[in-house]
Amino acid sequence: MLSLKSLCALRLGRCLSNVASKNLEGQRLMVVGLGNYIMAGTRHSIGMAVVNQLARRLNISDRWKADKKTGADLTDTDIDGMHIVLMKPRQFMNLNGKSVANAATKFQLKPENIYLLHDELDKPLGKVSLKFGGSDRGHKGVRSCITSLQSNIMTRLLVGIGRPADRSSVEWHVLGRFTKAEQDLLPDILERSVDLVLSHIKQNTGSEPSRKPATSQDPIKS
């Protein structure tokens with residue numbers, strides 16, 4: 001039988017281990033650009049365009065590598081002590097969640113430490129906002145992530161692509177490429193999207209003063 005001293009030492013060791021584990025939590029985040037990997041440049045893959053722009057902003061766009069274990073392209077860096085993994089699933093949109101779950105396992109990430117960047121039909125082109133958890137709102141990529149991670153608490157960046165005037169052509173609209181006029185607006189949309197994500201990440205690292213996060217920005221009028 002263990003002595004009282006030994007029991008206290010054992011309990012203290014467990015407490016210190018738990019504290020260390022909690023301190024490690026939150027030191028790594030993953031930012032995922034959802035989309036159809038082979039359909040870059042389409043409205044449905046604008047999440048991947050945003051994560052590409054984020055990689056350029058962080059000067060790691062030349063470090064993308066295909067990772068067989070996760071089924072995705074990965075690159076990473078550190079921001080004020082926070083390890084940031086950027087990811088582009090090499091799957092069709094409705095299977096993106098499999099790659100995200102694989103990466104979550106590889107990097108020991110909890111759902112609350114994952115950002116999903118994706119298109120949003122019900123927001124006009126140019127409007128971007130953060131959404132904290134919630135349903136998939138009919139988005140198959142988000143649905144796949146919720147199913148694979150068994151959680152819906154991921155932080156999401158919604159990038160408006162607007163609905164077509166002819167509602168019967170929604171699928172064509174989503175899978176189609178941006179028009180020339182829309183392409184002229186994309187650089188600003190991508191920059192503001194990156195600003196919003198980075199601002200929220202820096203609040204998590206404590207490198208930016210805590211404040212109520214911006215949840216939306218005005219749409220761009222063409």
* Considering the options K106, R28, R63, which one meets the salt bridge (charged side-chain N to carboxylate O under 4.0 Å, His left out) requirement together with D76? -> R63
* To do: For the residue pair L86 and T77, establish whether any side-chain heavy-atom pair is separated by less than 4.5 Å.
  => no
* Residue pair G138 / R143: nearest heavy atoms and the distance that separates them -> CA-NH2, 3.6 Å
* Mind checking whether H173 and L121 have side chains closer than 4.5 Å, heavy atoms only? -> yes
* K69: what forms a salt bridge (Lys or Arg N to Asp or Glu O under 4.0 Å) with it, not counting sequence neighbours? -> none
* **Residue that, paired with V128, satisfies side chain to side chain contact (heavy atoms under 4.5 Å, CB included) out of L190, V159, L117** => V159
* Would you kindly say whether H83 and D78 are connected by a side-chain donor-acceptor distance under 3.5 Å? => no
* To do: Check the side chains of K88 and N52 for a donor-acceptor pair under 3.5 angstrom, ignoring hydrogens and angles.
  => yes
* Structure fact -> For residues 102-129, the ring-ring contact (aromatic ring centres under 6.0 Å, His included) pairs (sequence neighbours left out) are Y115-H200, H118-H139
* Partners passing salt bridge (Lys or Arg N to Asp or Glu O under 4.0 Å) against E112 (at least two apart in sequence or in another chain) -> none
* To do: Could you list all the salt bridge (Lys or Arg N to Asp or Glu O under 4.0 Å) pairs where at least one residue sits in residues 48-59, not counting sequence neighbours?
  => R57-E191, R57-D195
* Whether T75 side chain and I60 backbone form a donor-acceptor pair below 3.5 Å -> yes
* Check: T42 and H44 side chains under 4.5 Å, non-hydrogen atoms -> yes
* Whichever hydrophobic residues join L158 through chains of side-chain contacts under 4.5 Å -> none
* Taking all non-hydrogen atoms of both residues, which atom of S144 and which atom of L95 are closest, and how far apart? -> OG-C, 3.6 Å
* Just checking, is any N or O donor in the side chain of N102 or S99 under 3.5 Å from an acceptor N or O on the other one? -> no
* To do: Answer yes if the side chains of Y37 and D73 hold a donor-acceptor pair under 3.5 Å, and no otherwise.
  => yes
* Got a sec, which pairs hit salt bridge (Lys or Arg N to Asp or Glu O under 4.0 Å) with one end in residues 32-47, sequence neighbours left out? -> R43-E182
* **Side chain S45, main chain N36, donor-acceptor under 3.5 Å** => yes
